[in-house]
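Here's the structure, in structure tokens; my notes come after.
It should be emphasised that the depicted structure is a prediction, and the values quoted were computed from it without experimental measurement. This chain uses plain numbering: 1 for the first residue, then up along the sequence.
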Amino acid sequence: MRLILLFLLVTPFYTLGNGCGGLDEQRCMVSVINLVATPERYHEKEVVVTGYVDTKSRGYYGQYWLSFSKDYFEPANMVKIDIPENFAEQLNITHHKVYSIVGVFESCNSKPPSDRDCFNSITPIIDINGFPSMRLVISD
């Protein structure tokens, strides 16, 4: 099980091709670290990213975050998941579980300087069933 998790978290570092990780021009397979380190590279692109979901970050209750590690949750090193609460409840999003998300990434650098709480974020794409493209990958 841990081997599968390691594969899912590390694979995006070794993908080849264009700046989108080699899937295609429309959808980029990336890691949380890539999104945090070089957000401008993925701005307004569809991305596929896998990581640990945090639902309890200090000072940001009611918001969902994606991290590369279940032991390291700091908003500056995570990606905010922009998902309406009703969808989060329907998906039964669980703290510290691994999820894969297909969504549109927005770089904090693209937002107005007056936005004090600026975070890199991903908005899950709504699939054909009317749900966000966010799936539980591994459950302990």
Side-chain angles (χ1 to χ4, degrees):
M1 187 65 82
R2 293 193 188 277
L3 185 59
I4 293 170
L5 175 61
L6 182 62
F7 174 78
L8 290 171
L9 294 176
V10 174
T11 298
F13 289 114
Y14 298 103
T15 55
L16 302 172
N18 62 27
C20 287
L23 283 182
D24 58 41
E25 285 293 325
Q26 299 299 315
R27 192 165 282 167
C28 311
M29 183 178 214
V30 298
S31 68
V32 174
I33 293 171
N34 291 133
L35 294 176
V36 171
T38 57
E40 63 284 345
R41 187 174 183 183
Y42 304 100
H43 179 65
E44 295 183 344
K45 291 187 180 181
E46 285 187 21
V47 298
V48 179
V49 62
T50 301
Y52 289 92
V53 169
D54 179 37
T55 62
K56 302 176 182 177
S57 282
R58 294 168 290 187
Y60 299 101
Y61 292 106
Q63 295 181 9
Y64 299 91
W65 300 85
L66 197 63
S67 175
F68 67 91
S69 167
K70 75 176 186 179
D71 299 320
Y72 191 70
F73 288 99
E74 291 294 328
N77 297 310
M78 296 189 299
V79 174
K80 184 177 180 229
I81 305 167
D82 284 333
I83 185 169
E85 190 63 35
N86 63 324
F87 279 132
E89 290 172 7
Q90 289 174 347
L91 291 171
N92 195 24
I93 296 175
T94 308
H95 185 64
H96 282 192
K97 300 293 182 194
V98 177
Y99 285 83
S100 181
I101 301 172
V102 177
V104 177
F105 181 74
E106 184 178 6
S107 167
C108 178
N109 297 336
S110 69
K111 298 176 184 174
S114 61
D115 191 350
R116 289 181 44 215
D117 287 333
C118 182
F119 301 106
N120 295 318
S121 62
I122 184 171
T123 302
I125 294 171
I126 304 301
D127 65 21
I128 60 173
N129 297 320
F131 285 98
S133 295
M134 182 172 174
R135 304 290 180 256
L136 181 64
V137 175
I138 297 177
S139 177
D140 297 322

Rounded at 0.5 Å granularity, tell me how far NZ in K80 sits from SG in C108.
11.0 Å
CZ on F131 to CD1 on I83, rounded to 0.5 Å:
10.5 Å
Roughly how far, to the nearest 0.5 Å, is CD1 of I122 from CD of E46?
10.0 Å
Exam field: side chain Y52 to backbone D71, donor-acceptor pair closer than 3.5 Å
no
Would you call K45 and V30 a side-chain contact if the rule is heavy atoms closer than 4.5 Å?
no
Is the shortest heavy-atom distance from the side chain of S67 to the side chain of D54 under 4.5 Å?
no
Are V79 and F105 side-chain neighbours, meaning at least one heavy-atom pair lies under 4.5 Å?
yes
CZ of F87 to CD1 of I126: how many Å apart, nearest 0.5 Å?
4.0 Å
Got L66 and M78 here, is their nearest side-chain heavy-atom distance under 4.5 Å?
no
Report yes if some heavy atom in the side chain of E44 is under 4.5 Å from a heavy atom in the side chain of E106; otherwise report no.
no
Measuring from F68:CZ to I33:CD1, what's the distance to the nearest 0.5 Å?
5.0 Å
Could you check whether any side-chain heavy atom of I93 comes within less than 4.5 Å of a side-chain heavy atom of I81, counting everything from C-beta outward?
no
Which of L91, D82, I125 passes side-chain contact (heavy atoms from CB on, under 4.5 Å) with P132? It is L91
Taking the side chain as every heavy atom from C-beta outward, state whether V32 and V49 have any atom pair closer than 4.5 Å.
yes
So OH of Y99 and OH of Y64: to nearest 0.5 Å the spacing works out to 9.5 Å
